[in-house]
Protein chains: 2
Amino acid sequence: MNDQDKQDKHKARQQKIKEKVDARIAAAKDDKGLLLVITGNGKGKSTAGFGVVTRSVGHGLKAAVCQFIKGTWDCGERNLLEQHGVPFYVMKTGFTWETQNKETDMAAAEIVWQEAKKLLNDESINTVLLDELTYMLKYNYLDIDDVLETIANRPEGQHVVVTGRAAHRRLIEIADTVSEVQSIKHAFEAGIKVQKGIDW
Amino acid sequence: MNDQDKQDKHKARQQKIKEKVDARIAAAKDDKGLLLVITGNGKGKSTAGFGVVTRSVGHGLKAAVCQFIKGTWDCGERNLLEQHGVPFYVMKTGFTWETQNKETDMAAAEIVWQEAKKLLNDESINTVLLDELTYMLKYNYLDIDDVLETIANRPEGQHVVVTGRAAHRRLIEIADTVSEVQSIKHAFEAGIKVQKGIDW
C-alpha cells in the first residue's frame, strides 16, 4: 500500500471512529464516560492520571491501570491503589528507548494492550488509566486504528484517561477533554535529583 | 505606605526568601524537599496534586491536604486518602467569588492557612498539598510575604505542592518545579456536564 492509500485508509477509519464518538455524545442524556488526554512536556501528567484513579476509587467506583513504558521499580501509587483493589498491568521492559530492541518492545506493549482491551470491553470497570500510551502510538508500537476503535467502542459510562507526551492528533480529535502540561521550570535543571514521593 | 514603598518592601522580603531557598538547595546533598507549583487554566492541576499525595502515601510517607476555595461537597480523593491517615483542612465557604463577601472569605482562608502553617512547621509531615492556594494570593486573601516565608522556612526534606490558576510570579520564583496545565479542549464546551470520578 502506498502512502496515499494508507492516508486515505486512516482518514476513512478516523471518520468512522468520529461518528461512533459523536453518537456516544448524542446518546448521553446526563452521564457519559469521558476520554481525558493529558499530554505535553511538563511534570504532572501521570500524576494527574493517578489522581483521577484515586478520585474514582474514593467514590467507590472501580478503576484499573495499564502502564506502558514504565519500568519495574517501586511505584507509590501502585502500593496504595492495589490495596483498594485496583489492578495494575505494567509493561516489563522499562523505558523502551533504552532497550533499543523494537521487536521485544512491541511484543511487551502488545501484552499490556491486550489487557487494556479486556478492560475497555468490561462495563464493570468505571475508569481506565492508560498511562504513557501516547508513546506506543508515536512509535507505532501499537496499531492506532485498533486503539482508537477500542476506545470509541468502550462501554457507555466508562472513563478513560490517557497520559504521555506528544499525543497523536487522531487521539486528540476523539477526546472530550485535553490538557497540555508545559514545563515552566524543573528541579532537574537546578541539579536536584529525583525525589521519592514527588518524582516516583 | 505608598505603592513604591510597598514594592520596595516586597522586593526586599522576596530577596530574603530567595536567599533562604538558595541556601536550602546548596545545603541539600541528595534529598531535598521540593516546592512544586501546578498552575494554568487546564484540567488536572488539583488532580495532579492529589496524585502526588497518593504517591507519597503509597511510599509510606506522611501527607496532609489544605484545600482553599473548595466547597463542602463529597470529595473522592478525601474519602480514600483519609482512610490512610491523611488529614484534610478544607475552607468551608465554597467558591469565594460566589459568596462575594470578602471579609468572611478572608477569615475562612485564614483559618485554613493557620492549619497549613502548623503543617509547614512539622517535620514529621513529608508532603503538604496546598490545593488552590494561588487564588488566596491573587486576591490578597492571605499575606504573600507570610506565605512565602513560611514555605521557604519549612523543614528541610518536606515537599510542598501548590495548585491553582494564575500562580503569583513570586511563588514561581522560589519554586523548584513549575508546570502549567493548558486547556486544549474541554468536555464542558461540548455541553457535557461534570462527571463523578473525573471532575469531582
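Since we're looking at a predicted model, the values are computed, not measured. Chain letters run A, B, ... following the sequence lines, proteins first, then strands; residues in each count from 1.
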Handout entry: From OG1 (Thr127(A)) to CG (Leu119(A)), nearest 0.5 Å
Key =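 Atom-to-atom, Thr127(A):OG1 and Leu119(A):CG are 11.5 Å apart.
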Problem - CD (Glu123(A)) with more than 12 external heavy atoms under 6.0 Å - result: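 For Glu123(A), atom CD is not crowded (no more than 12 foreign heavy atoms under 6.0 Å).
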Exercise for the section: Answer whether the closest heavy-atom distance between the side chains of Arg170(B) and Ile174(B) falls below 4.5 Å. Expected result: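 In short, these two side chains do not touch, never coming nearer than 4.5 Å.
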Handout entry: Parallel, tilted or perpendicular: ring planes of Tyr141(A) versus Tyr139(A), cut at 30 and 60 degrees
Key =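 It falls in the tilted class, 30° to 60°.
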Residue [X] versus chain A: region with a heavy atom under 4.5 Å:
X	value
Leu61(B)	side chain
Ala63(B)	neither
Gln83(B)	side chain

